[in-house]
Structures are given as structure tokens and as C-alpha cells.
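Working notes, structure below.
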Amino acid sequence: MQNRKLPELLAPAGSMEAVRAAVQNGAGAVYLGFGTFNARRGAKNFSPEQMREAIAYCRLRGVKTNITVNTLVSDREIPALLRDVRLLLDAGADALIVQDLGAARCIRETFPDAVLHASTQLTIHSLEGARQAKELGFSRVVLSRELPLEEIQRITQESGVETEVFVHGALCMCYSGQCELSAVIGRRSGNRGLCAQPCRLPYGGKNSYPMSLKDLCLLPRLRALCDAGVSSLKIEGRMKRPEYVAIVTRIYAAVLRENRAPTREEMQTLAKVFSRDGFTQGYLDDNIGPSMFGVRSETPDKELKPLYQEAAHSYAEGQEADLVPIQLSFTAQTQQDMQLTVTDGVHTASVTADAAEAAQHKETTAADIEKSLKKTGGTMFAVRELDIQLDSGLRIPARAVNDMRRQALEQLTQQRASLPPLRENKRQTLQTESRGDFRGYTVQVRQFKQLTDAMAQLPVETFYVPVQEMTQNEARVRELLARGCSVVPVLPRIIWDREQKQVVHQLQQCKRMGCTAALCGNIAQPKLVQACGMAAFGDFGLNAWNGEAMETLRQIGVARQTLSYELRLPQIRDMHKPMQTELIVCGRLPLMITENCMIAGKKGGCRRDGRGACAKGVCYLTDRMGAKFPVFREEHCRNTLYNSQPLYLEPEEYRQTGVTYARLLFSDESPRQATEIARRVIDGQTPDFGAPMTRGLYRRGVE
């Protein structure tokens, strides 16, 4: 790390106290939530006045402020979002952390100077994903927590965009931005900032927590992340108390600044203030498994009290660390005005005072001047360099030097607080556009055997099949294509860079068979598909929530887009639709995609080679109410969790929304059952899943 700029340490702040805690304990930047468009709506967050105060406090002390605007946004909410953004930028916010592609588009067009960071909710986990984010105007990407060091390093060094990596705090079981569990079972959407954390609950027994991961702690690996070139190291915890923020920030700042390994005492302190059966760094080490799981460990109050008291003292009102290094230059010459110049390296302030008088008895020395100029206690300034030019034989009262110092620092403070004028453009509101009337149905299967001869004879526009299933059944694919069926490969939602070559090879094989399009679940994938000479269709993983997002997806080459199943039917009806659209109307909805294996614990361990127990069919997780959630192994040994109840929407409910196609989604159904369900739905009859059905969120919506 010699001669290399250290990455910023980015600390959470859910209150003004937490802002002070982070800043006074060594954070280089803080991230804060504001209004209703941030992914921790349950946190205390900030009023407009508090937000202005927090941003100004940080700005004066040289600490950047990154504000979370990282929820999905409906069309009607966009004006309110832009009002919030105007307030934040006018107050001097350094960057906005954004998930919604439509929100990013609107902010970029309205406020051309706004700095945008791609939230981890955008599920960026590959080099192509980072490059695509850069093309969309993001200057930094917050990478998925699941990535190992090798993948982080490749993206960081080759993408041309800054990377931010989580180093401490809670880990979600699901890839961020891809979790619908809280939304579907309780209307509390993680994509809208109100996750109820159902993954922390027991499944399959009182002491069985197959989705509760330990907290992340990469303190011992900071040097490796620095060497990888990561720009920002992020501590999770906007819901945590200020004392927690102070303690964790102080320890990470010390280890980072001193370029050393953490002490045993530091690791023990972190575990005391919060952990879940200890910590994990399994993702970074590419070593996942049962050791990564745990539940919260409680520390006795008598152990926490002294830690919290010490932490609270570090950020008490009026407490100031030496945060802003300054250089001072003082000149006092015979019969000339005295002058003091102070600079922080960017801003410069100068003050003058009447010429010093000749000394009658004891003359003033440079040491006397230095003593007065270094009295910066109680301010955020710390004198790092001092140049004193002083003629002999002069007498300068300490009061005069103190006054000059105070005036110069006040001027410097005002300069540091000043902001350039906010540039704002008027933007055209999108006119609602639809691609015609309802045209029919598409069908998606998990296994090729579910696409029976009888199903292939149904009037279906498109059959979606996992790409690996396509390549393993080439003769059958060619037969279906020859019969006039449109068969489209479905890409895995998660494709690491080391897996991309295999997927591209599979795509090229599908192209040679005669396939003309592929279904994409991540912003990295449309270009991969187009490079193979195929059309890109967008899946639900792209979280299309508003017309502006649809325009962005069209811009990156998406020809048909599946809408989010968190939307209500009126929102879908009124949405701008610049391309063909799909809506999932039947089948079990995918609620999670995970890097860690939920099946392994149930079926005897995970070999991560596709030939272990997890490859042998479906597994079910049972919640406290007895509901059973199917879990399937996906390509590259990931898991997808499906809803316990199958979805079914009556045709009259979706045919008037302006969507082009309705999709039937099959997961754990037998080939015969899938065919019969598809036949009944297409004929306008109610299907029989053999289980209670749900309308999902299309009527209820999410909070």
C-alpha cells in the first residue's frame, strides 16, 4: 500500500448523534437516509433541517455525505423524489446512492452535476455490470456482498468506475435487490425500505435458522481490499445506536490508518457491541457454508456500559478531533501591517492587523507567536505547518495574535461552507405509451421435461427455459423450433465473471440452434446477449417499477420487459410502456436467490459441484405457521426460494393493464400438472394447484 491513497471509510448515520459519532471517530464519509425513498425507512432518519445541519457539519470537517435514495419509486412518486433531491443537493450532499434506474435517469437529467452511486440493491456483481452502471451515469458501484476478493479485484481494476465494498455489519441471505420474501408474505418490501427481516426467523424447528447469517467483519482483510484498489469501505448499520457507530468506526479507522492487523482486544470489542455467534468473512474468502450462519449474541449490560460511556464521550457536544489539517503563515515586520494567512490546501483566508509596536522591555519571540497560533482547540482545525516571519525588537500582544487567528479561521470556515449554485434543468414528463392490446401467454419452466408435447401445442407466444437445460436438450429444442415454437433461454440472474465464459458458450449454442432472444435478469446481461446476435428480454430481476426505468431499459437494448410483481394493477395500467411488456400471473413467485445453500443443511452438505445432495430435487423450508417454501438448486450451486402459495390472477384483472403478455411460471409442478394448469389458464378456467392460491401484491401493493 506504499504511496497509495487509502480508501475512504464510510460509516452509517441514522441520527445527528450518529453523524457526530462517525465523524469524530475517523470516518472519511457518512451515509444517511432522508424522506421516504431510502432503504432504511424504519430508521430515525432526518428532517429537512436536521439533514441540512448534518451535511453542513460534515462539510466543514472534510467528511463526505452520501445520501441514500435507494428504493424503487412509482411514477407518481418521481416529483416528490426530485423535490427531496433538490433539497439534498442544495444543502451540499456529495453523492446520492440510487437503486431505481428510472430515479437515476430523472436525477441525472434534472440535476446534471449530481454524483450518483449505484446501490448494492442494483445487484452489481460483475465487470460488465459495473461498466453498464458507468454508462448509465454512475461514478461508483456498491458491489454485492457475496463477491470473493478475486471478483472484487477484477471489477475494481478493469471497470473504470469506483467500487464500494461492505466490510462490517449484517448480511442479508439474499442478493440485495432480489429479495421479495418480506414483500410477498407481509407487504413490507425490502426494495421499498421496509424489510421485516423474515430471514432471521426459524424455519423447520425452533432452533433451525437456515437463512440467518453471521455479521460480516473484514477488519483482518482491510489490507487486501486496499491492495485491490477499492475506493470505499462501508460499515453497515443505520439502524444501530450512535455508540455502536463510534466504536466500530474508531477501530476500523485505526487499523486502516496504521496499516496493521487488528488486535485481539479490537476483535473482542467488535463482538461485544454486536455479533451473531461471532463474525464471518466467508464470502470474501470464497469459503461459504454452515460456518457462516448464526443468531444474535447478547452481551451483558455490565460489559457494554463502560464501552458505550467511553464512546459517547468521543462525540459529545463541543468535542472536536483534529480533523482538518491547516498551514499558517504569519508575518510581522517593522512599521508594516501584520498579516496571517491560513489554508487547508483548497481554501485560503488572510487577515491583517496594525503594525506591531517597538518593544520597550521584552520583545515577542517566534515561540510566543507559535503558542497563540496553535490554540485551535475546540475547532475542527489542526495546525500541521507553521511559518513565522518576525522582525526583532517588536512587542505583539497575545490578544492581537489570538484575534487574527480567530478571524482567519472564521473566514476559512465560511469558505469551506460555501456551495456553488445548483444547476437544474427542466425535464419533459413522459407521456404514457403502450404497445397495443393484450396478445396472449408465455410459459416459463424450470426443467425441460415440464415442456411436454401437449404444452408445446398450446397457443403460447414464448417458452422460457433455463439456458443450461436448453444446451442439455439440443435435439428437443431444435424439434420445437422446427414446429414453430418460440423457445427462449433464461440466463442465471447471477453470473460472476469467472462463470461468464460458460454462459456465453451456452448462449452461442442456443443461437446456433435457432434461438433469437434470451431472458436477462441483471443490467450486465443485455450486452452479453446482443453480442451473441440475439434480442435481450428483461426479466423481473431488473425491477422495472416506473416508466422512466422502462426508458432506461430500452436505452440499454431491452426489447421486452417483465414488470415487477410488487406493483399494483393501477400502477401497471398507467405506466409508460415503450416496449412489449410481460406480467407474471400464475405460478409460485421466486422470493430469494442466495449464494449460500439452504438445502445443504437439510440434505447432508454442499459439494458446490452440482452432484451433491442439493441436486436431487426440491427441498422445502417450513415457517412457524406451517407454510412450505420450495427451494431449488440453481446453476453454479446457488439457491432460489419460491413462495409457499402459487399465484393466480383472473384474466379480466390483467388484460386491461396494457401489458402485452401474461406469463405462467412453473417450478415444483410435475410435467403433467404444469401442462394441465397452462391449458386451463389459457382457456380462461381457474387452475388447480392442489394448494390455496394467492393474488400476490397486484391488489394489495406494498408499503
Side-chain angles (χ1 to χ4, degrees), residues 5 8-11 13 16 19-20 22-24 26-32 46 48-67 85-96 111-115 139 315 317-332 336-354 369-370 372-389 399-424:
K5 182 181 178 182
E8 73 176 16
L9 180 62
L10 178 59
M16 189 61 211
V19 171
R20 289 199 300 270
V23 171
Q24 296 300 329
V30 296
Y31 63 104
L32 310 86
F46 293 80
E49 295 74 20
Q50 291 169 334
M51 181 57 71
R52 289 184 182 277
E53 177 189 358
I55 292 173
Y57 178 89
C58 293
R59 185 178 183 84
L60 286 176
R61 290 158 182 80
V63 174
K64 292 189 174 182
T65 48
N66 302 342
I67 315 300
V85 169
R86 181 183 297 109
L87 183 150
L88 295 169
L89 297 178
D90 187 61
D94 290 288
L96 304 173
F111 304 103
D113 298 326
V115 176
S139 63
Y315 61 86
E317 290 279 4
Q319 188 73 21
E320 288 283 359
D322 294 340
L323 296 171
V324 182
I326 55 174
Q327 298 85 44
L328 292 92
S329 177
F330 178 84
T331 303
Q336 293 187 24
D337 287 349
M338 296 185 292
Q339 184 171 22
L340 174 63
T341 300
V342 57
T343 180
D344 60 7
V346 176
H347 310 92
T348 300
S350 295
V351 296
T352 59
D354 291 340
I369 300 295
E370 180 177 348
S372 293
L373 292 179
K374 283 190 171 181
K375 289 181 178 179
T376 57
T379 75
M380 74 285 289
F381 299 110
V383 178
R384 291 290 183 264
E385 294 182 24
L386 185 57
D387 178 50
I388 299 173
Q389 302 294 325
R399 181 179 65 254
V401 180
N402 290 337
D403 286 345
M404 293 178 73
R405 184 199 71 240
R406 281 192 290 268
Q407 292 175 36
L409 294 183
E410 285 174 4
Q411 286 186 27
L412 188 63
T413 298
Q414 291 173 3
Q415 291 180 29
R416 291 175 63 85
S418 65
L419 292 166
L422 178 63
R423 286 203 301 153
E424 182 173 353

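All values derive from a computational prediction rather than experimental measurement.
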Give the C-alpha distance, both sets of side-chain angles, the deciding distance and a yes or no for salt bridge (charged side-chain N to carboxylate O under 4.0 Å, His left out) between Arg406 and Glu410. CA-CA 6 Å; Arg406 281 192 290 268; Glu410 285 174 4; over 6 Å; no
Between Glu424 and Arg86, does a salt bridge (charged side-chain N to carboxylate O under 4.0 Å, His left out) hold up when you go through it step by step? CA-CA 9 Å; Glu424 182 173 353; Arg86 181 183 297 109; 2.5 Å; yes
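Under the 3.5 Å distance criterion, the side-chain polar atoms of Thr376 are matched with a main-chain donor or acceptor of Phe381. For the pair Gln415 (side chain) and Thr348 (backbone), a donor-acceptor distance under 3.5 Å is present. Although no hydrogens or angles enter the test, the distance criterion places no donor-acceptor pair under 3.5 Å between the side chain of Gln411 and the main chain of Ala349.
If you take CD on Glu8 and CG on Asn66, they are separated by 6.0 Å, rounding to the nearest 0.5 Å. Once rounded to the nearest 0.5 Å, the distance linking CZ of Arg423 with CG of Asp113 reads 4.0 Å. Atom CD of Gln407 and atom OG of Ser350 lie 12.0 Å apart (nearest 0.5 Å). From Thr341, atom OG1 reaches atom CG of Leu328 across 9.0 Å, with rounding to the nearest 0.5 Å. Between atom OG1 of residue Thr352 and atom CD of residue Gln336 there is a gap of 12.0 Å, rounded to the nearest 0.5 Å. Going from atom CZ of Phe330 over to atom CD1 of Ile369 covers 4.0 Å, rounded to the nearest 0.5 Å.
With sequence neighbours left out, the side-chain hydrogen bond (donor to acceptor under 3.5 Å, both in side chains) criterion links Arg416 to Asp344. Scored by the salt bridge (Lys or Arg N to Asp or Glu O under 4.0 Å) test, Asp90 finds Arg52 as partners (sequence neighbours excluded).
Counting heavy atoms from C-beta outward, Met16 and Tyr57 have side chains that approach closer than 4.5 Å. Under the 4.5 Å side-chain criterion, counting only non-hydrogen atoms from C-beta, Leu340 is not in contact with Ser329. Residues Tyr31 and Thr65 are not in side-chain contact: their nearest non-hydrogen atoms beyond the backbone lie 4.5 Å or more apart.
With no hydrogens or angles considered, a side-chain donor-acceptor pair links Asn402 and Arg405 at under 3.5 Å.
Closest approach of Leu32 to Met51, counting heavy atoms only: CB-CE, 4.1 Å. Counting all heavy atoms, side chain and backbone alike, Thr413 lies closest to Leu60 at O-CD2, 3.4 Å. In terms of heavy atoms, Met338 sits closest to Asp354 at CE-O, 3.3 Å. Closest non-hydrogen pair, Cys58 versus Val23, comes out as SG-CG2, 3.9 Å.
Note on residues 320-332: pairs passing salt bridge (Lys or Arg N to Asp or Glu O under 4.0 Å), not counting sequence neighbours, are Arg61-Glu320.
Applying the side-chain contact (heavy atoms from CB on, under 4.5 Å) test between Phe111 and each of Leu96, Leu89, Leu88 identifies Leu89 as the sole match.
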